[in-house]
Structure formats: structure tokens, C-alpha cells
**Student:** 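Quick one: the structure is below, questions incoming.
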Protein chains: 2
Amino acid sequence: MKRYIFVRQLIRDRGVRLTAQRELVLRRALAHLHFTAEQLVEDVRRVDPSVARASVYRALALLHELGVVEKHDFHYGAPNYEVTEGKAHHDHLMCTQCGEIIEFQEPRVERLQAEIVKRYGYQLLSHTHKLYGLCPACQRTQKPHSAKPPALHVTEMVS
Amino acid sequence: MKRYIFVRQLIRDRGVRLTAQRELVLRRALAHLHFTAEQLVEDVRRVDPSVARASVYRALALLHELGVVEKHDFHYGAPNYEVTEGKAHHDHLMCTQCGEIIEFQEPRVERLQAEIVKRYGYQLLSHTHKLYGLCPACQRTQKPHSAKPPALHVTEMVS
DNA sequence: GAACTGTTTGAGACTGAGTCTCAATGTACG
DNA sequence: CGTACATTGAGACTCAGTCTCAAACAGTTC
Ligand SMILES: [Zn+2]
Ligand SMILES: [Zn+2]
Ligand SMILES: [Zn+2]
Ligand SMILES: [Zn+2]
């Protein structure tokens, strides 16, 4: 709820209108951990079917510009989005079979990244760091993995 | 040339035919460092316009299955492919403005990755680690970056 | 609250990257 | 050669995402 209020303010501060559609997209995005754009479209339209697909994409792009949402390309299936606003920085570990995603933090890696870019005189802007593997359960039951995104888990209901 | 011979053998060993189209795609792929699928299509068709787009994609997929080619999603522009066969493992640093890609190695990061997955009982299969930033030159000339892939550099002519 | 103005929207056409279909061609092998 | 299967070229198709544009909306000025 705190994040919700905060992001609404961010939207206003950016000078664009805080419309019902943008609020709805924000609320539904906050209700998930990792989601694809199309999952979000469906989810939003389940609440209000009159919202256009393009509006969801536009709102998502706005949230991305505001630094509220990040885009992750886990290689297996469509890109995922995540509301990272207010969350500590983390990287991801994904099971290529069942699609489970684990968020982890490793400050030692982050320090090495800074050191690496210094070698080349670069100014570091962002990074992606994703580990792919088999979770303990899938290590036993070996099957060819599906390219489908894992089912959406609703993790939180925001008002 | 060594790689060329080796991969040809890989293709034969896989039990599929080593056709002229597959050889051509392989030769053109080996001539580049990082390239998009559509760049490769164009490049192949410049040599032999009768080769179908689908054939290039099919050959690329085959090379990928054989572990010869890797797919990189640098976030800026279309995914890139790279012939990694015979190259030491490396990760990438990209300038988000001019598109320059630097390959780097950092064994300390790789060690930490192994350590991280152990925490969660995962079996590590692969990873992506990409750093994005501004190269020294672009740090001076600040412009909004284009989403286009950087121009193709022919780095080597394979027979 | 009517008129004016710029913003946002819904609907659906469009795009680009990649895949699929299928008839035609190529290759292997008896 | 003839049969059997692999591969191909051409183009239709898919899917995620973007664009267009007229209509609806939200402020702002009177
Ligand atoms: Zn990180
Ligand atoms: Zn996350
Ligand atoms: Zn690495
Ligand atoms: Zn590389």
C-alpha cells in the first residue's frame, strides 16, 4: 500500500494524468511478483474488460520509465516484468524446468561488476545477472522443459 | 578454419545432412562476432540469394542445439547470436549508446555463481551476466541511445 | 457550466522476429 | 533405377508489441 501511494505520486510528479486505467494497471502489477505483459493485460481486463491492450502496455512503459518496473528476459518464454520499486536490488535464479524464480543478493558480485567496468573505463548503468538451473525437485523428475511462462501467482491483493 | 572443420563434423555426427545451405550459414556465422538473426539472413543471401530465410533460421537453430552458437539478449535491440564454439567462456559489457560490446572474463564471478546455486540446492546449467554502461567516448558525447543493432563488422573471411 | 485545449483512451491495423506448412527437390541406398 | 526419407524455398502465419486516429476526458478560462 505504501508503494502504491508512492508510485501514484511519482506519476503525478511526472506531469501526466493519474487516470483510472493507469491506477488499475499499477494495482494489478503490484499484486504479482514476476509477470509477462500479456498476463498483465489479461489480469487487468479481468477486472475491467473495457481497458485496451495498448493502454496496459502504455502504462507498463510509463512505470518502466519511472523506474518502478523492470524487464527481465529469462530466455525461457516471454520477458517478465517485476515491480522493483521499494525492493532491495537482487538478481535471479530460475529453474528451467518448472519455471520457479528465486531472488538472491550477492554483494560480492556487485563489487566485482564495478571493478570490471573500471578496467574498460566504462560508466556502469545497469546489469543483468541470471542463473539457470534445475531446482532440487526437478533434478529428480527429468523432463524436457516447456517454453511456457509459469502460472501466475497472485501474491498480494492491493486494495 | 579449425572451427569450421570441427563444426562440420559435429553436424555430420548429429546424423543430419551437411548441405550446402548449412555450410554457407556456418561460414557466414563464423565471419562475425555478434550478429542478429536477420543480419545473418541478409549476409547469407548476399552470397546466395536463393537461400530461404527459414533455412537460415533452421541452420542457426541447429548450430544452437549443437552448442556452437549462443543467443544473447542485450536488451537494446534484437537478440544477438555468437559462435562460442572454441572460445573461452566470457561475459559481456555493452555500451548502451554506441552498441560496442566488450567480452570479459572474471573467474571470481563464476566461482560465486557456483556458491550461490549451492545455497538453494540448484544444479547450475547456464547463466547470463551482462553489464550495460557508457564507453569512454560516449560518456563525453551524451545522446539518447538508438535501439538499433550496431553495424555488422566482418571480422574474418572463412574460405 | 460552456467553450477551449491538450492528454489519454479504445479499437484495431500494423510491424518485426521468428515459426510453420507443404509441395518440390535432393540424397541415400538397395 | 525406384523407393524412402531429409531438406528446402516460398510464403502464410503467429505472437508480442507498437502505431494511428477519432472519440472521450480532464483541466483551465471565462
Ligand atoms: Zn545484481
Ligand atoms: Zn525479482
Ligand atoms: Zn560467465
Ligand atoms: Zn561474446
Side-chain angles (χ1 to χ4, degrees), chain A residues 8 11-26 28-29 34-66 69-81 146-149 152, chain B residues 8 11-26 28-29 34-66 69-81 146-149 152:
Chain A
R8 279 174 32 146
I11 294 174
R12 289 199 203 90
D13 293 351
R14 140 86 38 141
V16 301
R17 288 181 196 147
L18 182 57
T19 62
Q21 290 88 336
R22 303 219 248 236
E23 281 196 277
L24 176 55
V25 170
L26 172 59
R28 296 318 303 152
H34 294 266
F35 53 92
T36 67
E38 292 294 322
Q39 281 172 335
L40 184 59
V41 169
E42 270 181 55
D43 187 28
V44 163
R45 300 186 60 127
R46 196 150 31 232
V47 178
D48 178 354
S50 78
V51 176
R53 202 160 71 98
S55 296
V56 177
Y57 273 91
R58 284 186 287 234
L60 194 52
L62 174 61
L63 293 175
H64 184 73
E65 278 168 36
L66 292 172
V69 164
E70 276 177 35
K71 183 178 185 175
H72 296 301
D73 202 317
F74 300 104
H75 231 263
Y76 303 86
N80 267 250
Y81 294 83
S146 100
K148 269 157 211 134
L152 243 195
Chain B
R8 279 174 34 145
I11 294 174
R12 288 199 203 91
D13 292 351
R14 140 87 38 141
V16 301
R17 288 183 197 145
L18 182 58
T19 62
Q21 289 90 336
R22 301 219 248 237
E23 282 196 275
L24 176 55
V25 170
L26 171 58
R28 296 318 303 151
H34 293 266
F35 53 91
T36 67
E38 291 294 324
Q39 280 171 337
L40 184 60
V41 169
E42 269 181 57
D43 187 27
V44 163
R45 300 185 60 128
R46 196 150 30 235
V47 178
D48 178 355
S50 78
V51 176
R53 203 160 71 99
S55 296
V56 177
Y57 273 90
R58 284 186 287 234
L60 194 51
L62 173 61
L63 293 175
H64 184 72
E65 277 168 36
L66 292 172
V69 164
E70 275 177 36
K71 183 178 184 175
H72 296 300
D73 202 317
F74 301 103
H75 234 261
Y76 303 86
N80 267 250
Y81 295 82
S146 99
K148 269 157 213 134
L152 243 196

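In this text the structure is predicted, and so the values were computed from the model without any measurement. Order of the sequence lines fixes the chain letters, A, B, ..., with proteins taken first and strands second; residue numbering starts at 1 for each chain.
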**Student:** Are A/Arg14 and A/Glu65 side-chain neighbours, meaning at least one heavy-atom pair lies under 4.5 Å?
**Tutor:**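 SC-SC contact between A/Arg14 and A/Glu65 confirmed.
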**Student:** Does the side chain of A/Val41 come within less than 4.5 Å of A/Tyr57's, by heavy atoms?
**Tutor:**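 Yes - at least one pair of side-chain heavy atoms lies under 4.5 Å apart.
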**Student:** Do the rings of A/His34 and A/Phe74 sit parallel, tilted or perpendicular, given the 30° and 60° boundaries?
**Tutor:**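 Perpendicular, since the angle between the ring planes exceeds 60°.
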**Student:** Does B/Arg22 reach the side chain of B/Val16, with side-chain heavy atoms less than 4.5 Å apart?
**Tutor:**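 A side-chain contact under 4.5 Å exists here.
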**Student:** I need the CD-P distance between A/Glu65 and D/dT18, as an integer number of Å.
**Tutor:**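 The answer, rounded to whole Å, is 11 Å.
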**Student:** To the nearest Å, how far apart are B/Leu24 CG and D/dT7 P?
**Tutor:**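 Distance, rounded to whole Å: 17 Å.
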**Student:** Examine C/dT19: is either OP1 or OP2 under 4.0 Å from a nitrogen or oxygen in the side chain of B/Tyr57? Give yes or no.
**Tutor:**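 No, B/Tyr57 has no side-chain N/O under 4.0 Å of OP1/OP2 on C/dT19.
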**Student:** Looking at B/Val51, is its backbone amide N or carbonyl O close enough to the side chain of B/Arg45 to form a donor-acceptor pair, meaning the two atoms are under 3.5 Å apart?
**Tutor:**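 Yes, B/Arg45 side chain to B/Val51 backbone: donor-acceptor pair under 3.5 Å.
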**Student:** Rounded to the nearest angstrom, tell me the gap between atom CD in A/Gln39 and atom P in D/dG17.
**Tutor:**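 It is 11 Å, rounded to the nearest whole Å.
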**Student:** Of the options B/Leu60, B/Leu40, B/Val25, which is the one that meets B/Val69 in a side-chain contact (heavy atoms from CB on, under 4.5 Å)?
**Tutor:**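 Option passing the side-chain contact (heavy atoms from CB on, under 4.5 Å) with B/Val69: B/Leu60.
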**Student:** Check the interface with nucleotides 9-11 of chain D: list each N/O to N/O pair with the protein under 3.5 Å, or write none.
**Tutor:**
from, atom 1, to, atom 2, distance (Å)
D/dG9, OP1, B/Gln21, NE2, 3.3
D/dG9, OP1, B/Ser50, O, 3.1
D/dG9, OP2, B/Ala52, N, 3.1
D/dG9, OP2, B/Ser55, OG, 2.3
D/dG9, N7, B/Arg58, NH2, 3.0

**Student:** In whole angstroms, how far is the P atom of D/dA16 from the NE2 atom of B/His75?
**Tutor:**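 Distance, rounded to whole Å: 18 Å.
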**Student:** Looking at every heavy atom in both B/Thr36 and B/Gln39, which two are closest together, and how far apart are they?
**Tutor:**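 So the two residues come closest at N-OE1, 2.8 Å.
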**Student:** For B/His64 and C/dA17, give me the distance from atom NE2 to atom C1', rounded to whole Å.
**Tutor:**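 In whole Å, C/dA17 C1' and B/His64 NE2 are 16 Å from each other.
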**Student:** Expressed as a whole number of angstroms, how long is the span from A/Ile11:CD1 to C/dT7:P?
**Tutor:**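 Checked: the CD1 to P distance equals 17 Å.
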**Student:** Please state how far atom CG in A/Leu62 lies from atom P in C/dT7, giving the value in whole angstrom units.
**Tutor:**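 Distance check: A/Leu62 CG to C/dT7 P gives 14 Å.
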**Student:** Distance check needed: D/dG17 P versus A/Glu42 CD, whole Å only.
**Tutor:**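 The distance from CD of A/Glu42 to P of D/dG17 comes to 13 Å, rounded to the nearest Å.
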**Student:** Report, one pair per line, the protein and nucleotides 26-30 of chain C atoms (nitrogen or oxygen only) whose separation is under 3.5 Å.
**Tutor:**
from, atom 1, to, atom 2, distance (Å)
C/dG26, N2, B/Arg17, NH1, 3.2

**Student:** Just to verify, which of B/Arg28, B/Arg12, B/Arg8 counts as forming a salt bridge (Lys or Arg N to Asp or Glu O under 4.0 Å) with B/Glu23?
**Tutor:**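 Single salt bridge (Lys or Arg N to Asp or Glu O under 4.0 Å) partner of B/Glu23 among B/Arg28, B/Arg12, B/Arg8: B/Arg8.
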**Student:** For residues B/His75 and A/Lys71, report the shortest heavy-atom separation together with the two atoms involved.
**Tutor:**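 Shortest heavy-atom contact: NE2-O, 3.5 Å.
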